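All values reported here derive from a predicted model rather than from experimental measurement. Indexing begins at 1, ligand by ligand and atom by atom, following the structure's order. FYI, side chains are in, hydrogens and waters are out, and symmetry mates aren't considered; it's all heavy atoms of this structure. Numbers here simply count residues along the sequence, with the first being 1.
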Amino acid sequence: MQSTLPAKTHVAIIMDGNGRWASARGLPRCDGHRAGVCAIRRVVEAAPDLGIGTLTLFAFSRDNWKRPQAEISELLRLLQLYLCEETRRLLEAGVRLTVIGRRDRLPDELAEHIGLCETATAHGTQLNLRIAFDYSARDAIVSAANRIAGAKVVSIDGFARLLSDEPAAQDVDLVIRTSGEQRLSDFLLWESAYAELYFTERLWPDFGRADLAEALAAFAKRTRRFGGLTDRPAA
Ligand code: IPE
Ligand code: IPE
Ligand code: MG
């Protein structure tokens, strides 16, 4: 299966279903978020073996600020904890971590930890791990558009480079969303223009290596035409 994937497959995951996972067990929602972090560890470990070059994980959307303060605080705390606990392991595994999304609304200490982890892992070559936090694709597009306001000509590639800082935004090959929901919820709208979509009923805290492999196997069977034809050479 691995050999049929593009060399640097970009997989983006909308990690959904933490709350339902917890409710089904009679637990508070935050327990679902904590279990969700374990699932993140599993997929990050599995990704390079499965031929993934870039993995973008949707951890907190701009719209998630609408949630109760206690839940927001826990999500912020979990990101900080993840960075503190994982940086060494990411470094050893050759994983480069970057966080995309707004940083100016995050607590100073968290923003500082993000910067430290990004710097420490900047030379990782095995996996480009991007965590989307306080992220909104529409915000990213508007902010890129504002940055080039006044420029006469902007190409598609040039605009794509403006959408995220280093490493530059790369087209998404496969979007996975867990928990049975079938929508994009303002995630990587530009980068997913030609992405294949894969929806699974699995709740995020239950997601693991086998589920990721299954999604990639389904992806490998898809025919991607990009508007062209696949059964004849280009004229
Ligand atoms: C995904 O799980 C995590 C975040 C959005 C932060 P949810 O918290 O959305 O879980 P459900 O959808 O309520 O089950
Ligand atoms: C999308 O999940 C955001 C993340 C997974 C971080 P939500 O649960 O917030 O999305 P909606 O509200 O169901 O669209
Ligand atoms: Mg949800």
**OP:** Measure from atom 1 (C) of ligand 1 to every heavy atom in Met15, Glu74, Arg67 and give the option owning the shortest one.
**Re:** Met15
Original post:
For atom 13 (O) of ligand 1, which of His33, Arg20, Arg29, Glu71 has the closest heavy atom?
Top reply: Arg29
**OP:** Considering only non-hydrogen protein atoms, determine which one is nearest to atom 9 (O) of ligand 2 and report residue, atom name and distance to 0.1 Å.
**Re:** Asn64 ND2, 2.9 Å
**OP:** Give the residue, atom name and distance (to 0.1 Å) of the protein heavy atom nearest atom 14 (O) of ligand 2.
**Re:** Ser185 OG, 2.7 Å
Original post:
In terms of heavy-atom contacts, does CZ of Arg103 have more than 12 from other residues, nucleotides or ligands at under 6.0 Å?
Top reply: yes
Subject >> Considering only N, O or S atoms of Asp16, the one closest to the Mg ion (ligand 3) >> reply: OD1
**OP:** Below 4.0 angstrom from a heavy atom of Phe60, which ligand 2 atoms are there? Numbered from 1 as shown, please.
**Re:** 6 (C)
Original post:
Should we say atom CD of Glu92 is surrounded by more than 12 heavy atoms from elsewhere, each under 6.0 Å from it?
Top reply: yes
Original post:
Taking N or O atoms only and a 3.5 Å limit, does Ser61 qualify as a polar contact for ligand 2?
Top reply: no
**OP:** Provide, to 0.1 Å, the distance between atom 6 (C) of ligand 1 and the closest protein heavy atom, together with that atom's residue and name.
**Re:** Ala59 O, 3.4 Å
Original post:
At under 4.0 Å between heavy atoms, which part of Phe187 makes contact with ligand 2: side chain, backbone, both or neither?
Top reply: neither
Subject >> Neighbour count >12 (heavy atoms, 6.0 Å) for atom CD, Glu71 >> reply: yes
**OP:** Given side chain to side chain contact (heavy atoms under 4.5 Å, CB included), test Arg89 with Val44 step by step and report yes or no.
**Re:** CA-CA 11 Å; Arg89 205 177 311 182; Val44 169; over 6 Å; no
**OP:** Answer yes or no: is there an ion pair linking Arg20 with Asp16, defined by an N-O contact shorter than 4.0 Å?
**Re:** yes
Original post:
For ligand 1, is there an N or O atom under 3.5 Å from any N or O atom of Gly19?
Top reply: yes
**OP:** Please determine if Asp49 and Arg209 form a salt bridge, counting it only when a charged side-chain N lies under 4.0 Å from a carboxylate O.
**Re:** yes
**OP:** Step through the shown structure and confirm whether more than 12 heavy atoms of other residues, nucleotides or ligands are within 6.0 Å of CZ on Arg41.
**Re:** yes
Original post:
Near Asn146 CG, under 6.0 Å, is it more than 12 heavy atoms from other residues, nucleotides or ligands?
Top reply: yes
Original post:
What is the closest protein heavy atom to atom 10 (O) of ligand 2, and at what distance does it sit?
Top reply: Arg177 NH2, 3.3 Å
Subject >> Sub-4.0 Å heavy-atom contact, Ser179 with ligand 1 >> reply: no
Original post:
Do Gln170 and Glu191 meet the criterion of a side-chain donor-acceptor pair at a distance under 3.5 Å?
Top reply: no
**OP:** Can you pull out the closest protein heavy atom to atom 12 (O) of ligand 2? Residue, atom name and distance to 0.1 Å, please.
**Re:** Arg183 NH2, 4.7 Å
Original post:
Which residue and non-hydrogen atom of the protein lie closest to atom 2 (O) of ligand 1, and at what distance in Å?
Top reply: Asn18 N, 3.2 Å
